[in-house]
Amino acid sequence: MTQRQRNFLRWSLYSAGFLLVLLLSTSVLGNRTFLGTKLSLLPVYAACVACREGHEQGGLFALITAAFWALSGASGGAVFVFLLPLGSMVAGYITSAYVTRSLMPAVGGSLLNLVLCEGAVYVQRLFLGSPMPADASRLVLLQIGFSLLTTPLFWWLTGKIAKAGDRHGT
């Protein structure tokens, strides 16, 4: 298999992983709450891809997925279009320039993405006067914490995808 075909396979599998995240977030877990909050899986997945592939490719992937997320009508989608690529590029840059590609930098990148994206959605709702529960800040922290628990799963998945495309598949 040529390098071009491996690249196509790798990014096709990353895109299929995004569709899986979209399906899990909207259909499977769409009505489920954990202590009153829903999981936010897209920032975690985008950070894992960026930490695995680097800041340029990961940032572009995050931009495309965030645009698709916003066009699908998901809550806070417009905020994600700007902040998800920003957080993913920072996470990918720190991982590729300063530390080794491992789970702990991916957890840090996922935390950065979750704080940026979900924090901005919270602030946006706060300033726009959207109806929110009285303990909304606690729910945002719970959402970040529960979503962060999915990082090892997505790190493993992106590792298998990278191995299929022979790119940093350690």
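Residue numbers run from 1 in the order of the sequence given.
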Hey, does the side chain of [X] reach the backbone of [Y] with a donor-acceptor pair shorter than 3.5 angstrom?
X	Y	value
R10	A162	no
S147	I144	no
N113	V44	no
E53	A50	no
T151	L148	yes
Y93	S88	no
T158	W155	yes

Starting from [Y], can I reach [X] by hopping between I/L/V/M/F/W/Y residues whose side chains sit under 4.5 Å apart?
X	Y	answer
L142	L114	yes
L60	V21	no
L23	L71	no
F127	F82	yes
L128	F80	no

Are the side chains of [Y] and [X] in contact, using a 4.5 Å heavy-atom criterion?
X	Y	result
R101	C51	no
V79	Y122	no
Q3	N7	yes
V107	L111	no
T65	Y45	no

Shortest non-hydrogen contact from [X] to [Y]?
X	Y	value
A91	L112	N-CD2, 4.4 Å
S15	F61	N-CE1, 4.3 Å
P43	L84	CA-CD1, 3.6 Å
P105	V99	CG-CG2, 3.5 Å
L22	S72	CD1-OG, 4.3 Å
V81	L63	O-CD1, 3.8 Å

For the atom pair [atom1] ([X]) and [atom2] ([Y]), what is the distance rounded to the nearest 0.5 Å?
X	Y	atom1	atom2	answer
Y14	L19	OH	CG	15.0 Å
L24	L42	CG	CG	12.0 Å
H55	T95	NE2	OG1	11.5 Å
Q143	C117	CD	SG	10.5 Å
L157	L13	CG	CG	9.0 Å
S96	E56	OG	CD	8.5 Å

Q | Those residues that, when tested against S40, pass side-chain hydrogen bond (donor to acceptor under 3.5 Å, both in side chains) (two or more places apart) | A | E118

Q: Apply side chain to side chain contact (heavy atoms under 4.5 Å, CB included) to F18 and I64, showing your working.
A: CA-CA 10 Å; F18 164 68; I64 292 168; over 6 Å; no

**Q.** Atom CZ of F146: over 12 foreign heavy atoms under 6.0 Å
**A.** yes

